[in-house]
Visitor: 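This is the structure I have questions about; it appears just below.
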Amino acid sequence: MLRNLSTKKKLFLLPITFIIIVIVSAFVYSHFNSVAEGRINVASQTDTLIQQLLKGRISVYQFLRTPSEQTAQNVRADFKKFDEFLNKLKPQLQEKENIDLANNILDLSKEYINSFDKFYSKKIDEYNNNILKEGSQTLAIIKEMVDVGLKLEEKLSLINENAIKLKISADETMNNVLVIIAILSILFFVTFSILLSNQLIHALNNFQEGLLSFFG
């Protein structure tokens, strides 16, 4: 195929190939960099979710110390905000495992508040009547909430870890693809240069032989 092209076209092929390689490399870098940034953003937002969960659990502790409708409302408000943050994060999750984890976390958050609703009004009445010691039923519900809270933290940490691992994987894939492009480019330019130089030398030899035969 190259033999059918003129020398001018062959020389022109080199900058065209170089431009194509640069464009492909830029596209690969842009794509994988965008993927990596998205996963960094997911990891960052899971940190925010963990902090919001901690805030919600602290508001439960504050409720247990001073039970009232206001402190109970603080608990609901903190977990409502937690759910809102998670619902904003969900569309950014691409991997099925993380999407399933997010749905599971929402279910656990709902379970946590449902458990809270089972005893909060009774706890307020007991506190107002100076009954400070929790009954066995209340203690059992609080233990359930503690277990659910630990599960929430565990699953949020899993999303965070998965996002970091996927970010590292995206970086490694990008580097590997760019290395392959670089190797193929070097092989192409070396092979093309050898073929082109051989053809030019052959053409010069023919020209030289023609001159010698003309003046011989």
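Quick note: residue numbers are just sequence positions, from 1.
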Visitor: Check whether any side-chain heavy atom of Tyr112 lies under 4.5 Å from a side-chain heavy atom of Asp147, and answer yes or no.
Guide: no
Visitor: Does Arg76 make a cation-pi contact with Tyr120 (under 6.0 Å, within 45 degrees of the axis)?
Guide: yes
Visitor: Side chains of Gln70 and Asn74: any donor to acceptor distance under 3.5 Å?
Guide: yes
Visitor: Does any N or O in the side chain of Ser109 come within less than 3.5 Å of the main-chain N or O of Asp83, such that one atom is a donor and the other an acceptor?
Guide: no
Visitor: Keeping the roles fixed (side chain from Thr71, backbone from Pro67), state whether a donor-acceptor pair exists under 3.5 Å.
Guide: no
Visitor: Establish whether Ile105 and Ile99 are linked, either directly or via other cluster members, by ILVMFWY side-chain heavy-atom contacts under 4.5 Å.
Guide: yes
Visitor: Could you tell me whether Phe79 and Phe116 have their ring centroids closer than 6.0 angstrom?
Guide: no
Visitor: Can you tell me if CD on Gln73 sees more than 12 non-hydrogen neighbours from other groups inside 6.0 Å?
Guide: yes
Visitor: Do Gln45 and Leu49 have side chains that get closer than 4.5 Å, going by heavy atoms?
Guide: no
Visitor: Roughly how far, to the nearest 0.5 Å, is CG of Leu93 from CG of Leu101?
Guide: 9.0 Å
Visitor: Between Gln52 (side chain) and Asp78 (backbone), is there a donor-acceptor pair under 3.5 Å?
Guide: yes
Visitor: Between Ile142 and Val60, is any pair of side-chain heavy atoms under 4.5 Å apart?
Guide: no
Visitor: Give me the other members of the hydrophobic cluster that Leu139 sits in, counting Ile, Leu, Val, Met, Phe, Trp and Tyr linked by side-chain heavy atoms under 4.5 Å, directly or via other members.
Guide: none
Visitor: Do Glu144 and Glu111 make a side-chain contact, defined as non-hydrogen atoms from C-beta onward lying under 4.5 Å apart?
Guide: no
Visitor: Return the set of residues passing salt bridge (charged side-chain N to carboxylate O under 4.0 Å, His left out) with Glu95 (not counting sequence neighbours), or none when no residue passes.
Guide: Arg39
Visitor: Is Ser121 reaching over with its side chain to a backbone N or O of Asp117, donor-acceptor style, under 3.5 angstrom?
Guide: no
Visitor: Test: ring-ring contact (aromatic ring centres under 6.0 Å, His included). Region: residues 144-171. Which pairs qualify, not counting sequence neighbours?
Guide: none
Visitor: Do Leu106 and Asn87 make a side-chain contact, defined as non-hydrogen atoms from C-beta onward lying under 4.5 Å apart?
Guide: yes
Visitor: Looking at Asn162, Asn103, Asn160, Thr46, which one forms a side chain to side chain donor-acceptor pair (under 3.5 Å) with Asn98?
Guide: Asn162
